[in-house]
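Okay, so here's the structure we're looking at.
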Amino acid sequence: MNSSFDYRKAFILNTLAASKRVSVNKLAETLDVTPETIRRDLSALEKQKQLLRVHGGAICYENPVTEPLFVRKTNIKKKEKRRIGTFAAKIIKNGDTVVLDSGTTTLALCECLQQVSDVTFLTHSLAAAWCLNKKIEQKQLINCQLIVLGGTVYPEQRSIKGTLTERMLASFKVNKAFISCGGINEQVISDYDLEECQISSMMIEAADESYLLTDATKLGKQNFCTIKPTSSIDHIICDAESDERWKKFCEDERIFWHRV
């Protein structure tokens, strides 16, 4: 077997194109080389931006892209987000203190929320704040309090962020945090915007329990900015069942996976 780098490179990239993920051990066995050789090959290909290394192998490389506009994102996987939001809304109980990020999946949670009382909501999402305020005004949420984090408004994402937002957020401790993401793999939870990621990270730190709301299209992906190591989250709520790899990871890290 021709085991030159060029041959291995072509084989690795072709396998990755077909399966979206490659394993170091499987490649080493198939190509009859050591795992160390494959790791060096993957490192070289990562430097060429042809793939992205993850624990035990590699996934497809994705160029950092501009985050889609909020209105467009609300129409992506709308049914799946609704199911995730319906499930997550039931986790919020009377008397909770809850922080929500500015994702469209967390907005779906707000839209599905009904008949809770004495809950304090904290968010930097203008869309979530508008939705929650309407429900409070219409008495769908009883004796609930809404706190909107201050800072610079970004109309295209309907969110507030920046140093002032982070300073205000640092003043709070809550029961539950609900965050969304642009991608998640076994190493990190990630998204597009550095400031948004910092806010989501602080929300996880501020909460006794943290919930990641994600549809299946985000699994195995990594975006430009890191929110937190995946091991830092307590619960994952997803529209897909966890496969064997995710089951083992969640068991090892004591993360609860909720299929909706």
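All values below were derived from every heavy atom in this structure, side-chain atoms included, with hydrogens, water molecules and symmetry-related copies excluded.
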Inset, instruction - Look at the rings of Phe11 and Tyr7 and say which category their plane angle falls in: under 30° parallel, 30 to 60° tilted, over 60° perpendicular. - result: parallel
Inset, instruction - Return yes if some donor-acceptor pair links the side-chain N/O of Ser210 with the main-chain N/O of Asp234 below 3.5 Å, else return no. - result: yes
Legend entry - Passing option when Glu186 is tested against Arg21, Lys221, Lys248, Lys247 for salt bridge (charged side-chain N to carboxylate O under 4.0 Å, His left out): Arg21
Legend entry - Those residues that, when tested against Gln114, pass side-chain hydrogen bond (donor to acceptor under 3.5 Å, both in side chains) (two or more places apart): Gln140
Inset, instruction - Taking salt bridge (charged side-chain N to carboxylate O under 4.0 Å, His left out) as the test, write out the residues that go with Asp96, two or more places apart. - result: Lys176
Inset, instruction - Answer yes if Leu107 and Leu213 sit in the same cluster of Ile, Leu, Val, Met, Phe, Trp and Tyr residues linked by side chain heavy atoms under 4.5 Å apart, and no otherwise. - result: no
Legend entry - CZ/Arg167: more than 12 non-hydrogen atoms of other groups inside 6.0 Å: no
Inset, instruction - Verify the cluster assignment for Ile179 and Val99: are they in a single hydrophobic cluster under the rule of side-chain heavy atoms below 4.5 Å apart? - result: yes
Inset, instruction - Report whether Ile204 and Phe178 are members of the same hydrophobic cluster (ILVMFWY, side-chain heavy atoms less than 4.5 Å apart, transitive linking). - result: no
Inset, instruction - Please name all residues satisfying ring-ring contact (aromatic ring centres under 6.0 Å, His included) with Phe172, sequence neighbours left out, ordered by chain then number. - result: none
Inset, instruction - Output yes when Glu36 and Arg39 qualify as a salt bridge under the 4.0 Å nitrogen-oxygen rule, no when they do not. - result: yes
Legend entry - Under the ring-ring contact (aromatic ring centres under 6.0 Å, His included) test, residues paired with Tyr154 that sit two or more places apart: none
Inset, instruction - Name all residues meeting the side-chain hydrogen bond (donor to acceptor under 3.5 Å, both in side chains) criterion together with Arg40; count only those two or more places apart in sequence or in a different chain, and write none if there are none. - result: Thr37
Inset, instruction - Flag yes if more than 12 heavy atoms outside Lys79 fall under 6.0 Å of its NZ atom; otherwise flag no. - result: no
Inset, instruction - May I ask you to decide if Val260's main-chain N or O and Asp239's side chain share a donor-acceptor pair within less than 3.5 Å? - result: no
Inset, instruction - Kindly say whether Ile160 contributes a backbone atom to a donor-acceptor pair with the side chain of His124 at under 3.5 angstrom? - result: yes
Legend entry - Set of ring-ring contact (aromatic ring centres under 6.0 Å, His included) partners for Phe121, sequence neighbours left out: none
